[in-house]
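Data block below; observations after.
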Amino acid sequence: MSIHTEEATTMTRWRTWRMILPAVLLLILALAAPVAAQGGKFWLQPIGDNNEAITSGRCWVLGAGTNTPSTVYTTASLATAVSNPIALDAASGVCEWFASTGTTAFDVVLFVDSGSYQGARLRLDNVTRSG
């Protein structure tokens, strides 16, 4: 009689684990799933000598300390690469891009296409998100 009871207990435990184990595995996989890539915003706004925004130009975004164009993105989701060089916004004069949070700096070459500073070219080294 005790053997039969032990077998029944073992079978009940086995059935319980068979039901719980898939749920535990799904939970582990859900927690280990990669999080969608998120990026940080970089931007540059050239200002003229009289505090006027320069609104016609391009920013060529390079890897920090290199002359190699970087792959940068249009939004923080890092889903769509932006054309590099990036045109300045005609209204605000801002040049904006996103990069992975692990990227801390870029070098940028600014080309001014028209206006009082037409033809000007300026290289800005170590452009960061905070400075």
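Side-chain atoms are counted along with the backbone in the values below, which use heavy atoms only and exclude waters and symmetry mates.
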Handout entry: Residue pairs fulfilling salt bridge (charged side-chain N to carboxylate O under 4.0 Å, His left out) with at least one residue in residues 59-85, sequence neighbours excluded
Key = none
Problem - Hydrophobic cluster identity match, Val82 and Phe42, side-chain contacts under 4.5 Å - result: yes
Handout entry: Closest heavy-atom pair and its distance - Thr101, Gly40
Key = CG2-N, 4.1 Å
Fill in the blank from the handout: Besides Ile47, the hydrophobic cluster formed by Ile, Leu, Val, Met, Phe, Trp and Tyr side chains linked at under 4.5 Å, directly or via other members, contains none
Handout entry: Under 3.5 Å donor-acceptor, Asp107 side chain and Gly65 backbone
Key = yes
Exercise for the section: Any pair with a residue in residues 59-80 that passes salt bridge (charged side-chain N to carboxylate O under 4.0 Å, His left out), sequence neighbours left out, goes on the list, sorted by first then second residue, please. Expected result: none
Problem - Short side-chain to backbone donor-acceptor contact, Asn84 and Ser70, under 3.5 Å - result: yes
Exercise for the section: Sequence neighbours left out, what passes side chain to side chain donor-acceptor pair (under 3.5 Å) with Ser100? Give chain and number order. Expected result: Thr103
Fill in the blank from the handout: Separation between CD1 (Ile54) and CG (Leu44), nearest 0.5 Å, reads 10.0 Å
Completion exercise
Here the pair of heavy atoms bringing Thr55 nearest to Ser92 is CG2-C, 4.2 Å
Fill in the blank from the handout: Residue pairs meeting salt bridge (charged side-chain N to carboxylate O under 4.0 Å, His left out), one or both in residues 77-99, sequence neighbours left out, come to Lys41-Glu96
Problem - Value rounded to 0.5 Å, distance of CZ in Phe106 from OG1 in Thr66 - result: 10.0 Å
Problem - Passing candidate, side chain to side chain contact (heavy atoms under 4.5 Å, CB included) with Cys59, options Val72, Leu88, Val94 - result: Leu88
Fill in the blank from the handout: Sorted by chain and residue number, the side chain to side chain contact (heavy atoms under 4.5 Å, CB included) partners of Ala79 (sequence neighbours excluded) come out as Ser77
Completion exercise
ring-ring contact (aromatic ring centres under 6.0 Å, His included) filter on Phe98, not counting sequence neighbours, yields none
Sequence neighbours left out, cut at 3.5 Å: what donor-acceptor pairs do the side chains of residues 108-119 make with other protein atoms?
unit_1 : atom_1 : unit_2 : atom_2 : d
Asp113 : OD1    : Arg58  : NE     : 3.2
Asp113 : OD1    : Arg58  : NH2    : 2.9
Asp113 : OD2    : Arg58  : NE     : 3.3
Ser114 : OG     : Ser56  : OG     : 2.9
Tyr117 : OH     : Asp49  : N      : 2.7
Tyr117 : OH     : Glu52  : OE2    : 3.0
Gln118 : NE2    : Asp113 : O      : 3.4

Handout entry: Over all atoms of both residues, closest heavy-atom pair of Pro69 and Trp60
Key = CG-NE1, 3.6 Å
Handout entry: Thr104: side chain to side chain contact (heavy atoms under 4.5 Å, CB included) partners, not counting sequence neighbours
Key = none
Completion exercise
residues 74-87 vs salt bridge (charged side-chain N to carboxylate O under 4.0 Å, His left out), sequence neighbours excluded, gives none
Exercise for the section: Establish whether Leu124 and Val61 are linked, either directly or via other cluster members, by ILVMFWY side-chain heavy-atom contacts under 4.5 Å. Expected result: yes
Fill in the blank from the handout: Those residues at least two apart in sequence (or on a different chain) that pass side chain to side chain donor-acceptor pair (under 3.5 Å) with Asn67 are Arg123
